[in-house]
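Below is one structure, written out as structure tokens; the observations come after it.
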2 protein chains.
Amino acid sequence: METIERKPRSREQARSGIIKTAKAIARQEGWQAVSIRKIADAIEYSAPIVYEYFDSKDILLDEIRNEGFRHLYQEYERILKLYRDPEKRLYEISLVQWEFARQQPEIYQVMYNMDGAFCTIPVYQSETMQEVSRLVREAIFSFIPKADESIRRLHFQWLSVSHGTIMLAMLLKDEQSLDQSEQIYRETMRRFVRELR
Amino acid sequence: METIERKPRSREQARSGIIKTAKAIARQEGWQAVSIRKIADAIEYSAPIVYEYFDSKDILLDEIRNEGFRHLYQEYERILKLYRDPEKRLYEISLVQWEFARQQPEIYQVMYNMDGAFCTIPVYQSETMQEVSRLVREAIFSFIPKADESIRRLHFQWLSVSHGTIMLAMLLKDEQSLDQSEQIYRETMRRFVRELR
DNA sequence: TCGGGTGATTTAACACCGTTAACTGACCAC
DNA sequence: GTGGTCAGTTAACGGTGTTAAATCACCCGA
């Protein structure tokens, strides 16, 4: 009878083991090197077992992507609780995104289909991404209470600048050190939030 | 004896045919669908023939990428000849980049490894990309004659904002129409160049 | 104890991929 | 005719995502 209780748990362990392994391979060898068979080898199973937990590689990538957005959501929420000043809020949220991209680049890559990571499921269909967007829009609204359309535009601009800088920093990291890029990023985002006033 | 003259020409034709076919497939089915065999079928040759012209798929992609940067270079040069006002120059250059991304998305995608396009050759090692960067930096310098390091930073910022917005517009094009995004892009770039004063 | 069923896991296969080696066949010079 | 060169082919290798079929251990009723 204990099997009934142990099975679901070990099933959850296997599932998270697959995700963990995929991320580990991606971190070390890049997303292009991540294959179902390689994951299966690492968790000491045969390839079809992976399909017991994820219907396709695409769905596995989507899951990791959503994990990333959930993480971002929690961090953003933390910031919003911590600070009341809207300018400070938006700036700190920006810094969180930088830190996240820097510390877990493989997740950030799959979130935005960068660096060989490619998930065919459209990112904007992700519920978690929508929720993150909503949170940031609220933060902007508490700054400048304008109509929805204006907030949408500002959010689009914020994400363009933030993600654009992060993406370019990752692309050129061998030419321009990440510390240098971070300096520019902080300056850029500081200016962005300042100009919202 | 005419073979000596015809061969190189038809060779050049075959070469450009491969590039043309690769772009056509990418445009219709996405870069993920571009395979050597599919290209070979389209030009009615067998797969190994492609390797007579390109040592690897990576090098083929790199070639298309460089073609894109050369095109951008010529367009930028045209703008620089056309206008003398530095602010106008930089703004028009930005618009050219938007137009290019919009009209030849498959080339833009491979230039920045977006949307399933993946070329392992680092983009910053491309001579043509460096030249485009140099040109834009000159345009910025003619605007604000500062030290090299400052110009580098400004160029990095310009590319972050410009490419960041373009990339996000392409990513969300089913959610937010490209016309809407273009409006925001123009406004963003206009503000960027204005703030350089 | 036997047989049957069940569920987890594996092997085998399919159709594709990039890439390379070996082969074919046509032409041209001697 | 024979040898050589060159364009182009087929065949193969090891890899990919994915699925169907086979295996194998286990438990349960007869």
Side-chain angles (χ1 to χ4, degrees), chain A residues 1-19 21-22 25-26 28-65 110 113 115-121, chain B residues 1-19 21-22 25-26 28-65 110 113 115-121:
Chain A
M1 274 303 156
E2 66 269 61
T3 53
I4 298 176
E5 298 205 45
R6 224 187 48 209
K7 262 190 219 160
R9 190 159 54 136
S10 80
R11 200 184 145 76
E12 207 43 58
Q13 279 174 357
R15 198 184 146 84
S16 67
I18 291 170
I19 291 179
T21 304
I25 298 171
Q28 286 156 24
E29 309 173 52
W31 277 106
Q32 225 192 13
V34 176
S35 77
I36 299 289
R37 281 180 178 84
K38 215 182 278 185
I39 294 170
D41 279 0
I43 62 171
E44 289 178 315
Y45 274 115
S46 61
I49 284 296
V50 176
Y51 289 88
E52 297 275 318
Y53 298 91
F54 301 95
D55 284 347
S56 69
K57 192 184 180 183
D58 243 30
I59 287 172
L60 168 58
L61 295 189
D62 192 50
E63 185 70 35
I64 294 173
R65 177 150 80 184
V110 83
N113 277 356
D115 268 295
F118 187 57
C119 176
T120 63
I121 301 168
Chain B
M1 273 304 157
E2 65 268 60
T3 53
I4 298 176
E5 298 204 46
R6 223 187 49 208
K7 261 190 221 160
R9 189 157 53 136
S10 79
R11 202 185 142 76
E12 206 42 59
Q13 278 174 359
R15 197 185 147 83
S16 66
I18 291 170
I19 291 179
T21 304
I25 299 172
Q28 287 156 23
E29 309 174 50
W31 277 106
Q32 222 193 13
V34 176
S35 77
I36 300 290
R37 281 180 178 86
K38 216 180 279 187
I39 294 170
D41 278 0
I43 62 172
E44 289 178 313
Y45 274 116
S46 61
I49 284 295
V50 177
Y51 289 88
E52 297 274 319
Y53 298 90
F54 301 95
D55 284 348
S56 70
K57 190 184 181 183
D58 244 29
I59 287 172
L60 168 59
L61 295 189
D62 193 49
E63 186 70 35
I64 295 173
R65 179 149 80 185
V110 83
N113 277 357
D115 268 296
F118 187 58
C119 176
T120 62
I121 301 168

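A, B, ... follow the sequence lines: proteins, then strands. Residue 1 opens every chain.
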**Q.** Atom of A:Trp31, atom of A:Ile64 and distance for their closest heavy-atom approach
**A.** CH2-CD1, 3.8 Å

Q: Looking only at side-chain atoms of A:Ile36, point me to the closest of C:dG18, C:dT11, D:dT18.
A: D:dT18

Q.
Rounded to whole Å, how long is the line connecting atom CD1 of B:Ile49 with atom C1' of D:dA11?
A. 16 Å

**Q.** Closest listed nucleotide, where the reference is the side chain of A:Glu52 and the choices are D:dT18, C:dT20, C:dT9
**A.** C:dT9

Q.
Taking A:Gly30's backbone N and O only, do any of them form a donor-acceptor pair with A:Asp115's side chain (distance below 3.5 Å, no angle check)?
A. no

Q: Would you kindly give the OH-to-C1' distance between A:Tyr53 and C:dT9, to the nearest whole Å?
A: 10 Å

Q | Atom pair CD1 (B:Ile36) and CD1 (B:Ile39), whose distance is rounded to the nearest 0.5 Å | A | 5.0 Å

Q) Which nucleotide, C:dT11, D:dT10, C:dT19, lies nearest any side-chain atom of B:Lys57? A) C:dT19

**Q.** Heavy-atom donor-acceptor pair, A:Lys57 side chain to A:Val34 backbone, under 3.5 Å
**A.** yes

Q: Verify the contact: side-chain N or O of A:Ser35 to OP1 or OP2 of D:dT16, cut-off strictly under 4.0 Å; return yes or no.
A: yes

Q) Closest to the A:Tyr51 side chain: C:dT19, D:dT18, C:dC17? A) D:dT18

Q: With axes from five pairs an end, tell me the bend angle of the helix from C:dT1-D:dA30 to C:dC30-D:dG1, nearest 10°.
A: 50°

**Q.** Candidates D:dG8, D:dT18, D:dA11 - which lies nearest the side chain of B:Pro48
**A.** D:dA11

Q. Using a cut-off of less than 4.0 Å, is there contact between a side-chain N or O of A:Tyr45 and OP1 or OP2 of C:dT10?
A. no

Q) Is there a donor N/O on one and an acceptor N/O on the other, under 3.5 Å, for the side chain of A:Arg37 and the base of D:dG15? A) no

(Q) If I take atom CD1 in residue A:Ile39 and atom C1' in nucleotide D:dG17, what distance separates them, rounded to the nearest angstrom? (A) 11 Å

(Q) Restricting to non-hydrogen atoms, name the atom on A:Ala47 and the atom on A:Arg37 that form the minimum distance, rounded to 0.1 Å. (A) CB-CG, 4.0 Å

Q) Any Lys/Arg nitrogen of A:Arg65 or A:Asp62 sitting under 4.0 Å from an Asp/Glu carboxylate oxygen of the other? A) yes

